[in-house]
Number of protein chains: 2
Amino acid sequence: MASSPTSTALEDRIFAALANSTRREVLRLLREEGPQAVQALADHFDMARPSLSEHLKVLREAGLVSEERRGRQRIYRLEAAPLADVQDWLHPYERFWRDRFKELGSLLDRLPDDEA
Amino acid sequence: MASSPTSTALEDRIFAALANSTRREVLRLLREEGPQAVQALADHFDMARPSLSEHLKVLREAGLVSEERRGRQRIYRLEAAPLADVQDWLHPYERFWRDRFKELGSLLDRLPDDEA
DNA sequence: ACGATAGGTAGGGAAATCCCTACGCGTCAA
DNA sequence: TTGACGCGTAGGGATTTCCCTACCTATCGT
């Protein structure tokens with residue numbers, strides 16, 4: 001279905017792309033401030049611009065961002081579809097942490113209710 | 001709130017732990033087959049057992065599994081709470097992929113419906 | 001007490017990651 | 001056309017990851 005530039009599995013690329021705080025921050029910026037050029041993104045980081053370019057490459061190859069060329073700028077845009085795959089991956093685990101919260105809930109029920 | 005064994009951010013540890021197919025497979029096994037010892041897990045992988053031990057260590061330090069000592073065995077159990085953090089992290093992005101699906105939906109609506 | 005079993009740790013090598021500086025290429029403004 | 005701007009790529013170094021083979025400790029059965 002998806003064409004993989006190298007041979008890494010789809011999920012590997014997505015999770016690996018997310019496993020870096022700079023790249024997650026890029027996603028947040030694109031989400032909150034909308035599509036923007038590389039320099040505008042780079043202004044938020046204490047990092048050389050070419051380094052950020054490589055982070056953008058990782059995000060691109062994970063399908064998490066797309067680029068549109070406008071003159072000499074490259075406008076990057078959030079592509080959230082792979083994150084839906086992450087949520088799908090999470091689904092079978094959901095009942096496990098809900099079970100845990102249920103335990104916690106009933107534990108709290110049995111406590112005296114003089115909490116702040 | 002959470003005690004970090006080293007200095008890495010909480011989310012970094014979780015995403016990094018998930019960014020490996022062996023470790024995701026361990027989580028799946030613990031989810032589908034329940035808590036089990038290291039050797040039982042190792043049987044599913046074409047990998048030396050000490051290597052799997054290190055994967056388990058990564059999962060432990062991310063809070064994704066817990067161990068219970070029973071005799072000379074260590075029973076590993078899925079701890080899904082950190083995955084709830086992942087879902088929380090995903091939440092603000094949800095509307096983006098839903099918007100995309102809406103676009104796709106209206107696109108499909110405009111197509112002739114003679115599909116297989 | 002002894003050997004076997006379960007599983008973690010040490011040490012090391014190959015490859016990947018993450019950062020840098022230098023540089024190349026395309027685009028815009030003068 | 002020439003120079004400045006925007007951004008990617010090359011190449012390299014430090015660190016981390018992921019695998020291995022040894023080896024150690026702890027527990028169990030005899």
Distance in angstrom units between B:Leu41 CG and C:dG7 P, rounded | 9 Å

Residue set satisfying side-chain contact (heavy atoms from CB on, under 4.5 Å) with B:Glu33, at least two apart, ordered chain then number -> B:Leu29, B:Gln36, B:His44

B:Pro35 backbone acceptor or donor facing B:Arg77 side chain under 3.5 Å = no

Distance in Å, A:Leu64 CG paired with A:Leu56 CG, rounded so as to fall on 0.5 Å steps = 11.5 Å

What's the CD-C1' distance between B:Glu68 and C:dG8, to the nearest Å?
-> 18 Å

Gap between atoms CZ and P, on A:Arg60 and D:dT9 respectively (whole Å) = 6 Å

B:Arg31 to A:Tyr93, cation-pi by 6.0 Å centre distance and 45° axis angle = yes

Does the side chain of B:Ile75 reach to within under 4.5 Å of the side chain of B:Val38, using non-hydrogen atoms?
-> no

Which part of the nucleic acid does A:Ala16 contact within heavy-atom distance under 4.0 Å: base, sugar-phosphate only, or nothing?
-> nothing

Find the distance B:Lys57:NZ to D:dC19:P and express it as a whole number of Å.
-> 16 Å

For the side chain of A:Glu54 and the base of C:dC19, is some donor closer than 3.5 Å to an acceptor across the two?
-> yes

Enumerate the residues from residues 21-28 of chain B whose closest heavy atom to DNA chain C is under 4.0 Å, giving them by residue number; use none for an empty result.
-> none

By side-chain contact (heavy atoms from CB on, under 4.5 Å) - contacts of B:Thr22 (at least two apart) | B:Asn20, B:Phe45, B:Met47, B:Leu52, B:His55

Does anything in residues 63-72 of chain B pair up under side-chain hydrogen bond (donor to acceptor under 3.5 Å, both in side chains), and if so which pairs, sequence neighbours excluded?
-> B:Ser66-B:Glu79, B:Glu67-B:Arg69, B:Glu67-B:Tyr76

Any side-chain N or O of B:Asn20 less than 4.0 Å from the OP1 or OP2 oxygen of D:dC18?
-> yes

Could you pull out the closest heavy-atom pair between A:Asp12 and B:Ser21, with the gap in Å?
-> OD1-CB, 3.7 Å

Does A:Gln39 get its side chain close enough to the base of D:dC7, under 3.5 Å, for a donor-acceptor pair?
-> no

Report the residues that fulfil side-chain contact (heavy atoms from CB on, under 4.5 Å) with B:Asp43, sequence neighbours left out, ordered by chain and then residue number.
-> B:Gln39

Gap between atoms CG and P, on A:Leu59 and D:dC7 respectively (whole Å) = 16 Å

Can we say A:Lys57 and A:Glu54 salt-bridge, meaning some charged N sits less than 4.0 Å from an Asp/Glu carboxylate O?
-> no

How long is the line joining CD1 of B:Ile75 and C1' of C:dG7, in whole Å?
-> 12 Å

In whole angstroms, how far is the C1' atom of D:dC5 from the CD atom of A:Gln73?
-> 10 Å

For C:dG8, does OP1 or OP2 lie under 4.0 Å from any side-chain N or O of B:Tyr76?
-> yes

Does A:His55 place a side-chain N or O at less than 4.0 Å from the phosphate oxygens OP1/OP2 of C:dC19?
-> yes

Quick one, give me the B/S/- string for nucleotides 23-30 of chain D, reading 5' to 3', where B means a protein heavy atom under 4.0 Å from the base and S means that only happens at the primed atoms, P, OP1 or OP2.
-> ----BB--

Answer with base, sugar-phosphate or nothing: what part of the nucleic acid does B:Phe45 contact at a heavy-atom distance below 4.0 Å?
-> nothing

Length of the line joining A:Arg69:CZ and D:dC7:C1', which is rounded to integer Å | 10 Å

Under-4.0 Å side-chain N/O to phosphate OP1/OP2 contact, A:Ser51 with C:dC19 = no

